Amino acid sequence: MAINQELYQAVIDGDREAVKKTIQQSLDQNVEIEGLLYDSMIPAMREMGDRFSRSEIFVPQMLISARAMQAGLTILEPLLAETDREAPAKVGIGTVKNDLHDIGKNLVTIMLKGAGYDVIDLGTNCSVEKYQEAVDQGAKIIMCSALLTTTRDYIQKVIEHFNDNDEVKIIVGGAPVDQNFADSVGADGYGEDANSAVKIVEDIVRSK
Amino acid sequence: MNTLIHKLKNKELLSAPLVGYPAAVLNSTTAKQNLTNSQIQIDTLAKYYRRLQPDILFPFMDLSVEVESLGLLINIKENDPPEVIEHSIRNEENLAHLSLPDLNRHRFHIFVETIAGLKDKTKAAVSGYVTSPFTLAGLLTGAERIAARTITRPKFISNLIDFSCDVGLKYAFQQQKAGADCMVLLEPTASLLSPELFEQFVTPYINRFAEQLDIPVILHVCGNTEPLIKEFVKTQMDGLSLDYGVDLQKIMPQIPKDMLVLGNIDPVRTMLGSTPNIIYRKTQNLISDLKEYDNYIPATGCDVPPETDFENIEAFQKAVEDIRKARKSEKMENLRHN
């Protein structure tokens, strides 16, 4: 299916109303719904992610695009559930225990949803048990977000908890961590920013 | 005379690591004790000064003081910086219920007394801290909400920042009166903004501090702020405190010579996560890379985490002192030859 330029642009512009209107018009014309998502909306969010990585746009623009995307997904998701498409990979994400900061986690969540993943948002102050709940619900990728330096020990604890489960991959991100830390504690990936976090998820899903 | 201006006039290489919390180890106190008792905080920071003699002393960094005074919930933890847990100012109606806080109540006096106490007990330039207007507004309404609403509800956000600015100015005047030699505006949330949004939602408000205070005003923004540097230099700030994400060598040519630049040893990966030897070397390398800039002050990029080993901070200070000594001897040598 060709790109729906109007829908693509509405996501880029963060125009929620235009997204909803264009989707509704497309549905009225019996346009294939998967195409709307995979050929127009997801590429638009991917483009925003790339612009974000190049510092051409910033968090506010990213957020309103993601919210426009979310408004579209709210219409499309029940319809997509009725199709025989392959279920998207499930990801559990949360800010680690004793940390209540969530803007980074929310940004990654929004971008993952924008990229078509099924995301379980565990919120902030997440204990090992909370991450385990996401795995029990089918998540194969766990993402630990943090802002406070004091969370580094707890991130390690989360990774140790899943050590025996080869099916679960752990990605870490946030100010107190880096690639060296991720390597030293045995994480499967490190997301330097929201866009790179999504790309790491894509790499893991592709390699499975 | 203002101690900072005096020190700058002497053109010494100054040192200004953003250290508060790690110094608590010197008198076996907790972060909470320091944040709730001025005598303890004065004792902690005076001990730190006696040990290392930094040129600029900063109080414990606490971005919850103003928010708490406005009635929102915060959590003062035993050994970590406090957290704001309620961000409930979501519309004009909520904002209308807020009024400027009484500085004699809440925890303002702890930091004001700390400044006065440190002026009395040390020869350092003592800085005040204020939660900068955009960041305070973000704490009141939520960081994600303020970021999105700069686009979707700019009028409400401007009104919220305007109120936050009045709160900050009131607190800043009190710290200036207590003897603060400079004022650092803590503006971490501004790192989320584009240059255009920074110009609209940050610059006009921080400029009010520069216009109304009689002491140098320094803007501190965390993270990689390279895309915002052009906006920073257009402000009326006397100085910038830049985080580790910024390549100082690259941006220094853009900074006017009369604008101070503090930075930018990585507080987490270097100060917390490495060894004294590495810190010493990285600090010396940074100073050496920036030796042609008289407006540069060696500092950490952001507040040094509480659990940082004190010997790591000693290594930073020693690196600055050793270069200072080497420069002095070089100067003497040159004088002898001439």
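What you are looking at is a predicted structure, and each value in this text was computed from that prediction instead of being measured.
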Evaluate whether atom [atom1] of [X] has more than 12 neighbouring non-hydrogen atoms of other residues, nucleotides or ligands under 6.0 angstrom away.
| X | atom1 | answer |
| --- | --- | --- |
| Asp166(A) | CG | no |
| Lys282(B) | NZ | no |
| Arg107(B) | CZ | yes |
| Glu160(A) | CD | yes |
| Glu192(A) | CD | no |

Open item on the list: I'd like to verify something: which residue of Thr124(A), Ile57(A), Asn106(A) has the highest number of heavy-atom pairs under 4.5 Å with chain B?
Closed with: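 Ranked by heavy-atom pairs under 4.5 Å with chain B, first place is Asn106(A).
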
Task: Closest-packed option against chain A by number of heavy-atom pairs under 4.5 Å, given Gly223(B), Pro306(B), Ser191(B), Pro305(B) - done: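 Result: the option with the highest number of such pairs is Pro305(B).
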
Open item on the list: Can you tell me which of Leu197(B), Asn224(B), Leu193(B) forms the most heavy-atom pairs within a distance under 4.5 Å of chain A?
Closed with: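 Greatest number of close heavy-atom pairs with chain A: Leu193(B).
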
Using a 4.5 Å heavy-atom cutoff, which residues in [range] come close to chain A?
| range | answer |
| --- | --- |
| residues 262-271 of chain B | Val268(B), Arg269(B) |
| residues 77-88 of chain B | Lys77(B), Asp80(B), Glu83(B), Ile85(B) |
| residues 67-76 of chain B | none |
| residues 141-160 of chain B | Ala143(B), Glu144(B), Ala147(B), Ala148(B), Thr150(B), Ile151(B), Thr152(B) |

Task: Straight-line distance of Leu147(A) CG to Cys222(B) SG, nearest 0.5 Å - done: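 Between atom CG of Leu147(A) and atom SG of Cys222(B) there are 8.5 Å.
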
- [ ] Calculate, to the nearest 0.5 Å, the distance between atoms CZ and CD belonging to Arg152(A) and Glu307(B) respectively.
- [x]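 That separation rounds to 8.5 Å.
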
Task: Heavy-atom pair with the smallest gap, counting every atom of Tyr244(B) and Ala175(A) - done: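 Closest approach of Tyr244(B) to Ala175(A), heavy atoms only: OH-O, 4.4 Å.
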
Open item on the list: Under 4.5 Å from any heavy atom of chain B, what part of Glu56(A) do you find: side chain, backbone, both or neither?
Closed with: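 Neither part, no heavy atoms under 4.5 Å.
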
Task: Contacting moiety of Asn180(A), where chain B heavy atoms sit under 4.5 Å - done: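 Neither part.
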
